[in-house]
*Asks:* 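My structure is below; once you've seen it, I'll send some questions.
Naming convention: chains lettered A, B, ... in sequence-line order (proteins, then strands); numbering from 1 in each chain. Note that the structure is a prediction, hence the values are computed from the model and not measured.
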2 protein chains.
Amino acid sequence: MPNQSNQKIAPPVPITDLDLDQNAGVPLYRQLYEGLRRSILVGELSPGVRLPSTRALAADLSIGRNTVVNAYEQLLAEGYLEGRTGSGTYVAAELPDHLLRVRSDQRKSAKSRKAGRGLSSRGHLLAGTTVSEPHDFAIPRAFRAGLPAMEIFPFKTWSRLWNRRWRSPSLDLLGYGDPAGYRPLREIIASYLGAVRGVRCEADQVIMIAGSQQALDIVTRVLLNEGDVVWVEDPGYPGARGAFQGAGAEVAPVPVDSQGLDIATGIARAPNARLAYVTPSHQYPLGITMTLSRRLELLDWAARNRSWVLEDDYDSEYRYAGLPIAALQGLDEEDSVIYVGSFSKTLFPSLRIGYMVVPQGLVDTFVAARELIDRGSPSLEQAVLADFMVEGHFERHIRRTRSLYAERQEALVESAERDLRGLMEVRPSSSGMDLIGRLAKGVDDRLAQRLAAQHDVEATPLSTYYFEPPEQGGLLLGFTGVDEAQIAAGTRRLAEALSSLD
Amino acid sequence: MPNQSNQKIAPPVPITDLDLDQNAGVPLYRQLYEGLRRSILVGELSPGVRLPSTRALAADLSIGRNTVVNAYEQLLAEGYLEGRTGSGTYVAAELPDHLLRVRSDQRKSAKSRKAGRGLSSRGHLLAGTTVSEPHDFAIPRAFRAGLPAMEIFPFKTWSRLWNRRWRSPSLDLLGYGDPAGYRPLREIIASYLGAVRGVRCEADQVIMIAGSQQALDIVTRVLLNEGDVVWVEDPGYPGARGAFQGAGAEVAPVPVDSQGLDIATGIARAPNARLAYVTPSHQYPLGITMTLSRRLELLDWAARNRSWVLEDDYDSEYRYAGLPIAALQGLDEEDSVIYVGSFSKTLFPSLRIGYMVVPQGLVDTFVAARELIDRGSPSLEQAVLADFMVEGHFERHIRRTRSLYAERQEALVESAERDLRGLMEVRPSSSGMDLIGRLAKGVDDRLAQRLAAQHDVEATPLSTYYFEPPEQGGLLLGFTGVDEAQIAAGTRRLAEALSSLD
């Protein structure tokens, strides 16, 4: 029989239908987390509703209190719940924007679950995460992040190379290809990465993939068991978090400071993490380059702990000042680093070609996994890309875009100074494809995003990338995908949008 | 202390280093299975070595006897172990060919495991399965199976369409695309499938994928939990078995008879399977078309049991006689069928474009999963393919290849009658891209394959597709990828090869 104090703090709506199963192979706290999240998303638990205390719910469900605490903390971190100090835990009054897309789906899957024919637990996790915003699929606008200047892509050259390959296509380029990728492309990438990024590898360690998201997926499956802990950067790339969580790994947020990932805090919080996901060249989204001492600290931890490091060498090609920083992979003596790169930013995203460099001992396993996943990337496009690189067009295109992006960044900084003074601070960066526009403290960056959208400006709120809302919000402003006139018009419209914030 | 009888049947080599962990989240029998398999592959357990009885090993390891029985049975089914009636269980004297590719990898991963930094259990499973034979990546030869006649592909038309799209590429075809696929292509596929295959769907239920292997992968992840049971056809497609096992599902082999999948046996063996994987139009590899009554039986079981049916509509376009058989999906009233098709056989494999049709309630989840997996297929190729279909080139190409394949099949049957009489029986088929050449009873089809390879002939042994070696072996002979002269030369060389079998 529940005691008096439990009765008093019982929620207005009962928490039912949770189906916790001690033998499910899925940890109880995760089952509880999923059950509560589903109830919130399908509206069984309404916004603002108060949840029972961790103690009371643990007693009701006859489970340990820590199980409830863990589930609540995850839901708090993800914005499904809100905690009011001293007065309990509530369903968030307003669900984060990026969860809205999930709702209709969850409703449907809840329906099919009721019909007894449902998703797997992985399916639920996968369904609960989104990588792209819907606008990502439309015509470029200021200030969409991570979008290359596609209008200066050498279309004619690419076309010439494509037609040369296609005119008399070798039959081995039309049949099933090697799931590891087209060999000549792997060779030229190995030598490119050695020369330009300080990556140490043989061609057979280069595995072609369908963009860097696939690397996250394959690494997760080949190296992580359900429940394994992964360090992710906080703030960091939501698509990485999603891939890890979608495979049932535990995500441990590790803060980023001015030197990059804060290794000491990572070790304190999750000393035995099995993998660390990092963007050392240009931290996503803060743009920080990880210092050498942090790099060594990270590799040292990985070696001592026998953990893996997944280095996403995200937009490393775009450095406007100072010496290029060699990849972490080149410092690694212990075969602990898996290196990932992509042509999505340097050429164009819909090409869907990227690469990973894996330690020799993992090559066969990764290739076997890729084969079972989708049998490999299209061969002909890989052959065209190899020609493009061999003939020097790739490096030429990098040089051209690099100087164009330096100009565009300058244009953004200048027009922001002119239009956004007092509303937003935009400081230049020595690398990358976007800048952070810092809002005044206390300004809700998700509100700023919505206002900007009403003025036809795209900008991702900085808080999207954080586990806990940051002290000072901001907007991520991509400057590479649109021209200087669009940039100037963009800052003017953004100023109009933000001035209504007062 | 082990008793005398245990001592007596102990194996010459001790079974050590198994690291069974009750709390690993991976079932014990699977840990045992993996540990033994690894020991076999790295040579710690040599071919021919006798294993302890299930009772003795269970006692030694202090685990249940059923756990050992399950692990042994799986290893027996996969050919790692051999059972000699009345005299125990042995490591297979000769490992199946398709396992050899795994060996070097397992050796490496065993090494990195010893270094303490290893693969996940999924990683081990994925590493242990291969889909393609190495020759799949080379120039076509007689009688490689499933290879289209690429020499009559309308290269000029495709090139014209590609160049039209590429001349002034719309920027939304270069950026990130909708992970569900290019909308106009999904629409034309929906109407094509409705008209030609009797599939009932809206365009938004069509999800573009990178070939049918990816459908297996996504379905496995979204719909199956670790340990869920899946019906697979016996004999059947090894890539499906691999995808299911690689994700930790339990595979339940269900025999195929002259009417298709033997549903009654499936129900008797695994009544609560969560998913059935079937190739009803043209069973792979036997070529049988599932009868209507079996189709209804399957759907009825799925509806009662609330299970999923994965329909791989593998090479359904190639029917040479009789009426086309509509897809199973069109008979389904309960949203239990996921339908899969691919352009790998109708156009060319390296295009890496296929599609799945999923029940409305699963669309959002599958799209979210695809986005986290690799963010979707290349947009431009999808646009070119849409143009190719809209302008009627696709159906024209199907018609042309269909009559060409009918001729090539006839050529194979005739030259087999001439050259292979007494060595192999090759009967015509009313559908598909390959025929089965039956060997005399008692002839080892893997040996026949090796002899054929020495005579420059490719042919996959029928036993590759079976869980237990079939009574009568055979070779799968593809007749679509090479011309009549190559077919005739192929049967002559095959006859030379097989005549040395006597």
*Asks:* With a 4.5 Å limit on heavy-atom distance, are the side chains of L173(A) and S350(B) in contact?
*Replies:*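 No - every pair of side-chain heavy atoms lies 4.5 Å or more apart.
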*Asks:* What closest approach, in Å, do Q213(B) and L372(A) show between heavy atoms, and which atom pair accounts for it?
*Replies:* NE2-O, 3.1 Å
*Asks:* Select one option (side chain, backbone, both, neither) describing which atoms of S212(A) are under 4.5 Å from chain B's heavy atoms.
*Replies:* neither
*Asks:* Does any part of the side chain of D374(B), heavy atoms only, come nearer than 4.5 Å to the side chain of I373(A), both counted from C-beta?
*Replies:*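 I373(A) does not reach D374(B) side chain to side chain.
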*Asks:* Do L362(A) and L119(B) have side chains that approach each other closer than 4.5 Å (heavy atoms only, starting at C-beta)?
*Replies:*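 A side-chain contact under 4.5 Å exists here.
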*Asks:* Please report the closest heavy-atom contact between P349(A) and Y176(B), naming both atoms and the distance.
*Replies:*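 For P349(A) and Y176(B), the tightest heavy-atom pair comes out as CB-N, 3.6 Å.
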*Asks:* Could you tell me if the side chain of E381(B) sits less than 4.5 Å from the side chain of L380(A), heavy atoms only?
*Replies:* no
*Asks:* Tell me, side chain or backbone of F153(B) under 4.5 Å from chain A's heavy atoms, or both, or neither?
*Replies:*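 The side chain, not the backbone.
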*Asks:* Quick one: what part of A240(A) sits under 4.5 Å from any heavy atom of chain B, side chain, backbone, both or neither?
*Replies:*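 Answer is neither: A240(A) stays 4.5 Å or more from chain B.
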*Asks:* Evaluate the side-chain proximity of W166(B) to W162(A): yes if any heavy-atom separation is below 4.5 Å, no if none is.
*Replies:*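 Not touching, per the 4.5 Å side-chain cut-off.
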*Asks:* So which part of L351(A) gets closer than 4.5 Å to some heavy atom of chain B, the side chain, the backbone, both or neither?
*Replies:*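 Backbone of L351(A) only, per the 4.5 Å heavy-atom cut-off to chain B.
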*Asks:* Measure distances from P148(A) to the heavy atoms of chain B and classify the residue's part below 4.5 Å as side chain, backbone, both or neither.
*Replies:* neither
